[in-house]
Number of protein chains: 2
Amino acid sequence: MGPRAYHHGNLRAALLEEAEKSVREQGIERLSLRELARQLGVSHAAPRRHFPDRQALLYALAEAGFTRLGTELRRAMTRAGEEFEPRLQATASAYVRFATRDAALLDLMFAGKHNEPTPVVQEAALGALSVLFELVEQGQAEGVLEQGEPGRVGLVLFATVQGIAAVVNGGIVDASQSDALIADAIANFIRGSRAAA
Amino acid sequence: MGPRAYHHGNLRAALLEEAEKSVREQGIERLSLRELARQLGVSHAAPRRHFPDRQALLYALAEAGFTRLGTELRRAMTRAGEEFEPRLQATASAYVRFATRDAALLDLMFAGKHNEPTPVVQEAALGALSVLFELVEQGQAEGVLEQGEPGRVGLVLFATVQGIAAVVNGGIVDASQSDALIADAIANFIRGSRAAA
DNA sequence: ACCTGAACACCGTTCAAGT
DNA sequence: ACCTGAACACCGTTCAAGT
């Protein structure tokens with residue numbers, strides 16, 4: 001099961017790996033199938049066996065991105081202990097860290113508007129975001145957050161972390177202020193959704 | 001001062017207008033300088049007089065986008081009357097409307113991470129976003145929002161509306177639920193930032 | 001099954017030259 | 001000052017052909 005030579009059965013995985021690196025370093029627009037093929041030592045037509053066109057590669061990248069995001073969020077959540085608020089803070093922090101390190105990939109993952117999302121990407125997205133909804137359920141179970149459909153307040157939470165990521169990535173706020181913004185926004189979210197006691 | 005023929009002194013404005021339409025209909029990736037030139041009946045090298053390269057055109061589009069966003073936000077705010085909460089709701093609504101109608105342009109405006117923002121774009125952005133900060137100041141003056149630096153809570157507000165826009169544009173939530181999400185998120189923001197009374 | 005090489009229609013960018 | 005036309009180096013995509 002060890003990795004074989006790239007152009008002997010492992011080309012798909014190699015393409016994804018190289019593409020993810022390229023997107024991180026150069027952005028989506030600069031991602032070139034021909035350049036990828038060159039770096040992996042195959043002909044420019046070889047990728048077509050694994051990805052029928054450029055868009056198919058982008059979809060695969062988005063799916064892999066959601067999978068990785070999900071595992072990073074879950075790890076951050078579990079490492080933060082059992083208490084609700086630190087858990088939420090840590091998870092939001094992990095989200096923004098992902099978004100900052102892979103800004104172009106995040107754009108790709110949530111492109112959604114200009115190239116309709118594949119069902120398989122949709123599913124991967126919901127899997128990653130389920131961590132946030134679990135957190136909301138925990139908060140509700142502990143009586144910290146207001147009751148009601150978890151979906152409603154979960155959506156507000158998701159919008160909150162996504163908004164922080166967008167503001168940081170948009171260059172509106174300096175990266176050094178990122179932690180402070182996370183703390184403010186999450187504290188604000190909790191206060192706003194707090195159970196009436 | 002009336003509009004002269006496109007290829008006689010008005011090419012720059014014509015390029016911007018046509019490019020904005022193209023970005024709205026086809027997204028940024030499909031925007032082609034050669035195609036634009038074709039549609040306007042000039043040679044493919046003519047745009048170069050007004051925009052040294054493709055990126056320069058994108059920056060100009062972003063700047064124009066922020067200017068338009070600013071006027072739309074301000075109009076929505078003033079039309080909503082004097083009361084704080086309806087004003088905030090209306091302004092957030094206008095923001096999301098802009099984001100929905102010009103999703104690709106919004107991406108371009110906040111690209112920031114992968115092509116560093118020009119100072120002139122930065123300034124246009126701050127001008128548009130100043131509407132949000134004014135709203136925060138009004139809320140503070142009326143004692144509805146907590147005191148403290150308006151920048152801090154203004155940033156949280158901005159992250160909130162940007163997050164709503166991202167969630168709606170990302171296809172996570174159906175467009176029909178968009179109004180409900182806005183109402184929820186803004187109400188949540190106000191509760192979370194409410195003055196301790 | 002997987003890859004190659006040539007071909008096609010497109011790009012952005014550059015530059016000498018025209019008016 | 002503003003635009004043209006040819007040229008260059010790159011794309012994504014297609015397809016017959018190789019192993």
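Please read these numbers as outputs of a predicted model, since none were measured by experiment. Letters A, B, ... are given to chains in the order of the sequence lines, protein chains preceding strands, and every chain is numbered from 1.
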(Q) Does either side chain, that of A:Gln138 or that of A:Glu142, offer a donor lying less than 3.5 Å from an acceptor on the other one? (A) yes

Q. Side chains of A:Asp174 and A:Gln177: does their closest heavy-atom pair fall under 4.5 Å?
A. yes

Q: Report the C-alpha separation of A:Gln162 and A:Tyr95 in whole Å, then their side-chain angles, then the decisive distance to 0.1 Å, and conclude whether the side chain to side chain donor-acceptor pair (under 3.5 Å) test is met.
A: CA-CA 8 Å; A:Gln162 187 77 327; A:Tyr95 194 101; 2.6 Å; yes

Q) Over how many whole Å does the gap from A:Arg12 atom CZ to C:dC3 atom P extend? A) 13 Å

Q) Would you call the rings of A:Phe110 and A:Phe66 parallel, tilted or perpendicular if under 30° counts as parallel and over 60° as perpendicular? A) perpendicular

Q: Without swapping roles, check the side chain of B:Ser32 against the backbone of B:Glu35 for a donor-acceptor pair under 3.5 Å.
A: yes

Q.
Counting the atoms with a prime plus P, OP1 and OP2 as sugar-phosphate, which does B:Arg38 contact under 4.0 Å by heavy atoms, base, sugar-phosphate, or nothing?
A. sugar-phosphate

Q.
Could you tell me how far apart A:Asn10 (CG) and C:dC3 (P) are, to the nearest whole angstrom?
A. 10 Å

**Q.** Whole-Å gap separating P (D:dC10) and CZ (A:Arg30)
**A.** 14 Å

Q. Is B:Arg68 salt-bridged to B:Glu20, cutoff N-O under 4.0 Å?
A. yes

Q | Dot-bracket line, read 5' to 3' along DNA chain D, where crossing pairs take [ ] and | marks a partner on another strand, Watson-Crick or G-U under 3.5 Å | A | ||.|||||...|||||.||

Q | Residues, nucleotides or ligands: over 12 heavy atoms within 6.0 Å of A:Arg30 CZ | A | no

Q: Could you tell me the separation between the CD atom of A:Glu29 and the C1' atom of D:dC11, rounded to a whole number of Å?
A: 13 Å

Q: Inspect the surroundings of CZ in A:Arg79 and state if more than 12 heavy atoms from other residues, nucleotides or ligands are less than 6.0 Å away.
A: no

Q.
Could you check whether atom CD of B:Gln55 has more than 12 heavy atoms from other residues, nucleotides or ligands sitting under 6.0 Å from it?
A. yes

Q: State whether A:Ser32 places a side-chain N or O below 4.0 Å from either non-bridging phosphate oxygen (OP1 or OP2) of D:dC10.
A: no

Q: Round to the nearest Å and state the distance from B:Leu40 atom CG to D:dT4 atom C1'.
A: 16 Å

For nucleotides 5-7 of chain D, give me every protein contact, N/O to N/O, under 3.5 Å, one pair per line with atom names.
unit_1	atom_1	unit_2	atom_2	d
D:dA6	N6	B:His44	NE2	2.8

Q. For DNA chain C, what residues of residues 46-60 of chain B have any heavy atom nearer than 4.0 Å?
A. B:Arg48, B:Asp53, B:Arg54

Q.
Check this for me: B:Glu83, atom CD, are more than 12 non-hydrogen atoms of other residues, nucleotides or ligands nearer than 6.0 Å?
A. no

(Q) Tell me if a side-chain donor or acceptor on B:Ser43 pairs with a main-chain N or O of B:Ala45 at a distance below 3.5 Å. (A) yes

(Q) Tell me the interatomic distance from A:Leu31, atom CG, to D:dC10, atom P, rounded to whole angstroms. (A) 17 Å

Q.
Classify A:Leu36 by what it touches in the nucleic acid, base, sugar-phosphate, or nothing, heavy-atom distance under 4.0 Å.
A. nothing

Q. C:dC3 C1' sits how many Å from A:Leu15 CG, rounded?
A. 12 Å

